[in-house]
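Here the structure is laid out as structure tokens; the discussion comes afterwards.
In this text the structure is predicted, and so the values were computed from the model without any measurement.
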Amino acid sequence: MDSRVQSLLAVADATGRAGFRQLAAITAAWFFGANAAGQPAYDPATGRSVDGVAGDSRVNRNSGAESTIHGLLTMLALDARPDVAALARRPPWRSTGRRCGCADTCRSARS
């Protein structure tokens, strides 16, 4: 997820188009629960990120160095862009009950 978030933010910075910032926020929301499991993949108390979320909603609770480093890199990018961070941490599907748009892979799309 980190490389996707970073790439979208780079394009947003280069083009000045707000839509890419919004896409970065939607992508980063995976860390905060907009994933197939509907569970946070990042723990702000410890800085740990899980190793992954399977398509059947199982969370791999292991937290290897690569996952943690990339999760922290994403958090640094979000810290530098508070508007993007706010969107990522409170995706519309969480506050309004609307579907998040991740098709049939996301728990919110199945409900």
Of all the heavy-atom pairs spanning Ala25 and Leu87, show the shortest one and how long it is. CB-CB, 3.5 Å

Do any pairs count as a salt bridge (Lys or Arg N to Asp or Glu O under 4.0 Å) and have a residue in residues 66-78, sequence neighbours left out, and if so which ones? none

Residue pairs passing the side-chain hydrogen bond (donor to acceptor under 3.5 Å, both in side chains) test with at least one member in residues 43-53, sequence neighbours excluded, are Asp43-Thr46, Arg48-Ser63, Asp51-Ser67

Between atom OH of Tyr42 and atom NE2 of His70, what is the distance when rounded to the nearest 0.5 Å? 15.0 Å

Partners meeting side-chain hydrogen bond (donor to acceptor under 3.5 Å, both in side chains) with Asn62 (sequence neighbours left out): Asn60

Do Leu72 and Val84 belong together in a cluster built from hydrophobic side chains that touch within less than 4.5 Å? yes

Nearest 0.5 angstrom please: Phe20 CZ to Thr27 OG1, how far? 11.5 Å

Mind checking the CG-CG spacing from Leu9 to Leu78? Nearest 0.5 Å is all I need. 7.0 Å

Taking all atoms of both residues into account, what is the closest heavy-atom pair of Ser57 and Ala36, and its distance? OG-O, 2.8 Å

Can you measure from CG (Asp2) to CH2 (Trp30) and round to the nearest 0.5 angstrom? 11.0 Å

Quick check: closest heavy atoms across Pro40 and Arg61, and the distance to 0.1 Å? O-NH1, 4.2 Å

Testing the basics here: between Thr68 and Gly47, what is the closest heavy-atom pair and its distance to 0.1 Å? CG2-O, 3.4 Å

Would a hydrophobic clustering, with Ile, Leu, Val, Met, Phe, Trp and Tyr connected at side-chain separations under 4.5 Å, put Leu23 with Val11? yes

Apply salt bridge (charged side-chain N to carboxylate O under 4.0 Å, His left out) to Arg21 and list each qualifying residue two or more places apart in sequence or on a separate chain. Asp13, Asp83

I need the Leu8 CG to Arg17 CZ distance, nearest 0.5 Å. 12.0 Å

Residues at least two apart in sequence or cross-chain that pass side chain to side chain contact (heavy atoms under 4.5 Å, CB included) with Ala10, listed by chain then number, are none

Shared hydrophobic cluster, Leu73 / Val50 (ILVMFWY, side-chain heavy atoms < 4.5 Å): no

Arg4: partners by salt bridge (charged side-chain N to carboxylate O under 4.0 Å, His left out), with sequence neighbours left out: none

Measure the spacing between CG of Asp79 and OG1 of Thr74 and express it to the nearest 0.5 Å. 11.0 Å

